[in-house]
Amino acid sequence: MKLSKPALLSLFCICFFCTEIFAQNFEDIKRYKVNFALATHDNERLIALRSFSANNQKYLLLVNPETLDTKVDLASNYSTRGLQYSNVLAIFKNTVYIKSIEAAAARDLQLQNAGIDHAIPKEKGITLTIDLCPSHKALDRIIFQSVFDEFKKTEQPAPLAISVSGKWMLKHQDDLNWLKSLVKNKELDITWVNHTYNHEVNKLPLAENFLLAPGTNLDVEVLENEKLMLKNGLTPSVFFRFPGLVSDQKIVERIETYGLIPVGSDAWLAKGQQPNAGSIVLIHGNGNEEIGVKDFIQLLKTKQADVKNKQWLLFDLRQGLEKEFE
């Protein structure tokens with residue numbers, strides 16, 4: 001039977017759509033590991049951060065060192081040359097990626113809020129980051145709807161970053177699918193930030209809490225969370241947020257050897273910190289921070305006129321650092 005051109009086109013679209021969905025959701029990930037390499041394809045020069053196998057194919061998680069965009073692609077599409085982390089630092093020292101890692105490392109002595117906390121100091125607006133720590137409560141959808149409603153005439157999709165934990169993803173599949181639908185419908189442009197798998201918290205002092213708790217397995221916290229993100233169709237970014245914003249010099253250095261850039265905040269709204277031009281704003285959208293959510297909604301109301309006149313914008317975390325270190 002010979003198919004008409006419209007029928008062939010429809011069949012192609014269906015197959016392509018299915019391939020895209022399949023390619024973005026990795027159910028059976030094996031041999032997932034840190035694996036730095038220079039990956040080249042035509043004129044594209046990327047850094048491979050991870051390698052893994054799925055569906056009898058080998059894949060790479062890649063970052064563009066100038067734009068900080070990440071993607072997953074078949075390893076067979078690239079010529080690769082394995083690198084040590086020290087080689088990555090040396091070869092790409094003049095890129096936005098390495099400059100961002102170095103900027104984060106300069107603040108590694110702080111017990112709280114290590115990493116980059118201020119993205120674009122000369123611009124009118126903020127970078128919005130929303131943390132999804134483990135919680136039994138539903139997602140504060142009002143945050144995301146308010147962002148879309150406020151910025152749909154000036155920035156669509158509106159950019160923001162979500163720091164997602166593994167245990168939140170496991171318990172909130174409907175909320176996660178809702179967030180993914182906002183991206184699919186081009187209402188929001190979400191950068192997915194690694195916020196650890198377990199996000200453990202105890203009653204000990206900060207120096208022994210969160211990731212600093214005795215017995216913490218960093219490979220589980222970092223890599224298992226990335227695997228779960230990939231399983232749920234999320235592409236991990238190169239950003240990492242410490243649970244509770246708590247860290248020490250040793251653990252900051254270890255996070256950076258995964259090829260990740262720690263991101264803090266200079267405006268945690270629930271703590272009364274007020275955003276300035278270029279601030280990285282932090283609120284929790286997991287139902288546990290009512291004050292922070294209210295403060296953010298109020299902030300949007302006070303900035304309505306500026307938003308309308310494009311005098312107060314939301315900035316993509318990646319583009320902010322690109323602009324800062326260009």
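Only heavy atoms go into these numbers, but all of them, side chains included; no hydrogens, no water, no symmetry mates.
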N225 versus S165, closest heavy-atom pair with distance: OD1-C, 3.5 Å
Presence of salt bridge, R141 and D175, under 4.0 angstrom: yes
With L74, which residues qualify under side-chain contact (heavy atoms from CB on, under 4.5 Å), at least two apart? Q57, Y59, S76, N77
Step-by-step side-chain contact (heavy atoms from CB on, under 4.5 Å) determination, V96 to T67: CA-CA 7 Å; V96 174; T67 65; over 6 Å; no
Would you say N87's side chain and L83's backbone share a donor-acceptor pair under 3.5 angstrom? no
Taking all non-hydrogen atoms of both residues, which atom of S51 and which atom of K58 are closest, and how far apart? CB-CE, 3.9 Å
What I'd like to find out is whether the side chain of T191 reaches to under 4.5 Å of the side chain of P159, using heavy atoms alone. no
Side chains of S53 and R31, donor plus acceptor under 3.5 Å: yes
Heavy-atom side-chain proximity of L49 to N35 below 4.5 angstrom: no
Separation between CG of N194 and OG of S163, rounded to the nearest 0.5 Å: 9.0 Å
With a 3.5 Å cut-off and no angle check, do the side chains of Q145 and D149 form a donor-acceptor pair? yes
Using a 4.5 Å cut-off on heavy atoms from C-beta on, say whether the side chain of F92 contacts that of I101. no
Relative to each other, are the rings of W168 and H172 parallel, tilted or perpendicular (30° and 60° limits)? parallel
Is L245 reachable from V252 through a run of I, L, V, M, F, W or Y residues, each pair having side-chain heavy atoms under 4.5 Å apart? no
Which atom names give the shortest non-hydrogen contact between A161 and V193, and what distance separates them? CB-CG2, 4.1 Å
If I compare all heavy atoms of L111 with all of A207, which pair ends up nearest, and what's the gap? CD1-CA, 4.3 Å
Can you measure from CD (E102) to NZ (K99) and round to the nearest 0.5 angstrom? 9.0 Å
Between atom NE2 of H195 and atom CZ of F240, what is the distance when rounded to the nearest 0.5 Å? 8.5 Å
Transitively linked via ILVMFWY side-chain contacts under 4.5 Å: I126 with I162? yes
Residue pair Q273 / D266, side-chain donor-acceptor N/O under 3.5 Å: no
What about L204 and V246, same hydrophobic cluster or not, with Ile/Leu/Val/Met/Phe/Trp/Tyr joined at side-chain heavy-atom distances under 4.5 Å? no
Ignoring hydrogens and angles, tell me if any N or O in the side chain of Q110 forms a donor-acceptor pair with the backbone of Q112 under 3.5 Å. yes
With side-chain contact (heavy atoms from CB on, under 4.5 Å) as the test, would you mind laying out the steps for E256 and Y85 before giving the verdict? CA-CA 9 Å; E256 289 170 348; Y85 179 61; 3.7 Å; yes
Determine whether L269 and P275 make a side-chain contact, defined as any pair of heavy atoms from C-beta on separated by less than 4.5 Å. yes
Can you list every ring pair (Phe, Tyr, Trp, His ring centres under 6.0 Å) pair that touches residues 127-156, not counting sequence neighbours? none
Do Y258 and E226 come close enough that some side-chain heavy atom pair is under 4.5 Å? no
Are there more than 12 heavy atoms of other residues, nucleotides or ligands under 6.0 Å from atom CG of N56? no
Is the shortest side-chain heavy-atom distance between L218 and I255 below 4.5 Å? yes
Nearest 0.5 Å please: distance from the OG1 atom of T80 over to the NE2 atom of H41. 13.5 Å
Does I251 offer a backbone N or O that forms a donor-acceptor pair with the side chain of D248 under 3.5 Å? yes
Heavy-atom count around L170 CG within 6.0 Å, excluding the residue itself: above 12? yes
Decide side-chain contact (heavy atoms from CB on, under 4.5 Å) for E150 and Q304; before the verdict, give the C-alpha distance in whole Å, the side-chain angles of both, and the deciding distance to 0.1 Å. CA-CA 7 Å; E150 199 63 50; Q304 277 182 335; 3.1 Å; yes
Does L179 share a hydrophobic cluster with V183, counting links as ILVMFWY side-chain heavy atoms below 4.5 Å and allowing steps through other members? yes
Answer yes when K152 and E187 have at least one side-chain N-carboxylate O distance shorter than 4.0 Å, and no when they do not. no
I280 versus L317: any side-chain heavy-atom pair under 4.5 Å? yes
Y97 ring center near F325 ring center (under 6.0 Å): no
Any Lys/Arg nitrogen of D316 or R318 sitting under 4.0 Å from an Asp/Glu carboxylate oxygen of the other? yes
Heavy-atom pair with the smallest gap, counting every atom of F36 and G259: CZ-N, 3.8 Å
Does the pair K124/D306 count as a salt bridge with the N-to-O cut at 4.0 Å? no
Report yes or no: do V164 and L128 belong to one cluster of Ile/Leu/Val/Met/Phe/Trp/Tyr joined by side chain heavy-atom distances under 4.5 Å? yes
Using 0.5 Å steps for rounding, measure from the OG1 atom of T127 to the CG atom of L314. 8.0 Å
Output, in order, the C-alpha distance, side-chain angles, deciding distance and verdict of side-chain contact (heavy atoms from CB on, under 4.5 Å) for I47 and L62. CA-CA 6 Å; I47 303 171; L62 304 136; over 6 Å; no
Does N288 offer a backbone N or O that forms a donor-acceptor pair with the side chain of N286 under 3.5 Å? yes
So CG of D189 and CG of L182: to nearest 0.5 Å the spacing works out to 11.5 Å
Counting N and O atoms only, with roles assigned by atom type, does the side chain of S265 sit under 3.5 Å from a partner on the main chain of A267, one being a donor and the other an acceptor? yes
Quick one: are N113 and W268 in side-chain contact, heavy atoms under 4.5 Å? no
Please step through side chain to side chain donor-acceptor pair (under 3.5 Å) for the pair N64 and D69, ending with a clear verdict. CA-CA 5 Å; N64 183 315; D69 290 333; 5.9 Å; no
Non-hydrogen atoms of L206 and F210 that approach each other most closely: CD2-CE1, 4.1 Å
Return yes if some donor-acceptor pair links the side-chain N/O of E221 with the main-chain N/O of N198 below 3.5 Å, else return no. yes
D117 and R107 ion-paired at < 4.0 Å: yes
Pairing donors with acceptors under 3.5 angstrom, does anything connect the side chains of T129 and R241? yes
Salt-bridge contact K137-E290 (side-chain N to carboxylate O under 4.0 Å): no
Test side chain to side chain donor-acceptor pair (under 3.5 Å), reference N232, set Q173, K227, K180, output is Q173
